[in-house]
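Right, one structure below, let's go through it.
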Amino acid sequence: MSATRLGGLLGFGDNGATAPLGGAVTGFTKAYKRERPDALVKTIDFEPSRKTAQPADILIAETLADPGIVEVGYRGDDRFTITLLDRPIDLTNVQTDRLPDYLTNRRVFLV
């Protein structure tokens, strides 16, 4: 379990990360999860203004629930995580003659 103070939105808020070095902690934590897939590993992001007792209670609660999520953010009373969505590539307004072949052959990409 690791905790950061990136702002509560995992660095994705309008103002970016409030403590960018927390990104290194998050990256290490997620890499560790890949190395130990059976272990309960999470990184929890908080707002800088949270008092120390609140994050401590949330860290304990996160160890007891939702083991499938590795990255969680808390901003105000809301809980956030990252989700991937499958989206088709829309090439209608793109000059496809300027794209590499691998982008025009209707292959699947994950960005």
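All residue numbers in this chain count up from 1 along the given sequence. All values below were derived from every heavy atom in this structure, side-chain atoms included, with hydrogens, water molecules and symmetry-related copies excluded.
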Task: Nearest heavy-atom neighbours spanning G7 and P48 - done: CA-CD, 4.0 Å
- [ ] Can you see which heavy atom on T29 is nearest to which on S2, and at what distance?
- [x] OG1-OG, 2.7 Å
Open item on the list: Heavy-atom count check: over 12 atoms from other residues, nucleotides or ligands less than 6.0 Å from D57 CG?
Closed with: yes
Open item on the list: Consider side chain to side chain contact (heavy atoms under 4.5 Å, CB included). Of L6, L10, D45, V70, which one does T26 pass it with?
Closed with: L6
Open item on the list: Regarding K30 and E35, does a basic nitrogen lie under 4.0 Å from an acidic carboxylate oxygen?
Closed with: no
TODO: For T81, check side-chain hydrogen bond (donor to acceptor under 3.5 Å, both in side chains) against everything at least two apart and list the hits.
DONE: none
Task: From CD (E71) to OG1 (T4), nearest 0.5 Å - done: 8.0 Å
- [ ] Look up atom CD1 in I82 and atom CZ in F12, then write down how far apart they are to the nearest 0.5 Å.
- [x] 4.0 Å
TODO: Under 4.5 Å between side-chain heavy atoms, chaining through other members, with only Ile, Leu, Val, Met, Phe, Trp and Tyr counted: pull out the rest of the cluster around M1, sorted by chain and number.
DONE: I44, F46, I58, L59, I69, V72, Y74
Just wondering, do [Y] and [X] contact through their side chains at under 4.5 Å, heavy atoms?
X	Y	result
L40	K42	yes
D66	R79	yes
P55	R5	yes

Task: Residues which pass salt bridge (charged side-chain N to carboxylate O under 4.0 Å, His left out) with E47, listed by chain and number, not counting sequence neighbours - done: R50
- [ ] Output yes when a side-chain donor or acceptor of K33 lies under 3.5 Å from a complementary backbone atom of A39, and no otherwise.
- [x] yes
